[in-house]
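A quick write-up on the structure given underneath.
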Amino acid sequence: MSGFYQANAGFDRRKTAHHGKRNRPPKREHKLIAFKAFFDTDQDILDWWEGMQDGERSEVIRELLRGYVKGLPLYEARRPTMTVDGSVVLQVRDDTAWIRGALNDMPAYLERLLSQISVTAQPATQSATTSTLSDGGSLSNDALARRKAKMGKVGW
């Protein structure tokens with residue numbers, strides 16, 4: 001005797017007790033599809049592959065292949081699909097319209113603002129002269145000479 005027993009044709013594995021193990025559904029039939037990616041010529045593919053999260057790669061490949069089988073060019077085969085609430089789309093539309101309006105109104109707003117500043121603001125030299133004169137009544141000779149030297153250097 002060789003130690004091997006002949007298989008019982010009437011044996012059904014699903015009918016045996018598993019002593020604490022859960023019954024698992026039968027495995028799905030599958031075929032492994034693989035290809036080699038070379039480090040010297042396929043580095044862009046390898047970078048893309050490594051950039052994907054684990055568990056997402058097979059689904060991405062399936063979507064690309066299904067899109068290609070349907071006749072789509074590869075750059076259109078995988079389009080992100082996600083459900084979007086209609087209120088989110090409306091909010092984005094409204095926000096975009098508000099930004100567009102604000103940008104269109106900005107030149108007129110800045111023009112009004114600059115015209116108000118030029119009308120209401122006093123020149124800086126007048127306010128400095130007024131405050132200096134009001135403190136002491138007149139400038140010292142040294143201060144006056146410095147001021148004349150500075151005014152001579154300024155190019156208007």
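The shown structure was predicted, so the numbers you read here are calculated from the model rather than taken from an experiment.
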Worked verdict on Q116 versus E111 for side chain to side chain contact (heavy atoms under 4.5 Å, CB included): CA-CA 9 Å; Q116 289 175 355; E111 192 175 310; over 6 Å; no
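Within the model, atoms CG of L144 and NZ of K148 stand 4.5 Å from one another, a figure rounded to the nearest 0.5 Å. Going from atom NZ of K27 over to atom CZ of R24 covers 8.0 Å, rounded to the nearest 0.5 Å. The CD1 atom of I99 lies 12.0 Å from the CG atom of N104; values are rounded to the nearest 0.5 Å. With rounding to the nearest 0.5 Å, the separation of CZ in R100 from CG in D105 is 12.5 Å. The structure places CZ of R66 at 11.0 Å from CG of L64, a figure rounded to the nearest 0.5 Å. Note that the CZ atom of F35 and the CG atom of D42 stand 7.5 Å from one another [nearest 0.5 Å].
For D94, the CG atom counts as densely surrounded, since its 6.0 Å shell holds more than 12 non-hydrogen atoms of other residues, nucleotides or ligands.
Each of R57, E56, M52 was checked for a side-chain contact (heavy atoms from CB on, under 4.5 Å) with D54, and the lone residue meeting it is R57.
If you chain together hydrophobic residues whose side chains sit under 4.5 Å apart, F38 and I45 never meet in one group. Hydrophobic clustering, with ILVMFWY side chains joined whenever heavy atoms are under 4.5 angstrom apart, keeps I33 apart from V60.
Contact check for I61 versus W49: side-chain heavy atoms found under the 4.5 Å cut-off. S58 has its side chain within reach of R62: a pair of non-hydrogen atoms, C-beta onward, lies under 4.5 Å apart.
By the 4.5 Å side-chain criterion applied to Ile, Leu, Val, Met, Phe, Trp and Tyr, F39 is assigned to a cluster that also includes L46.
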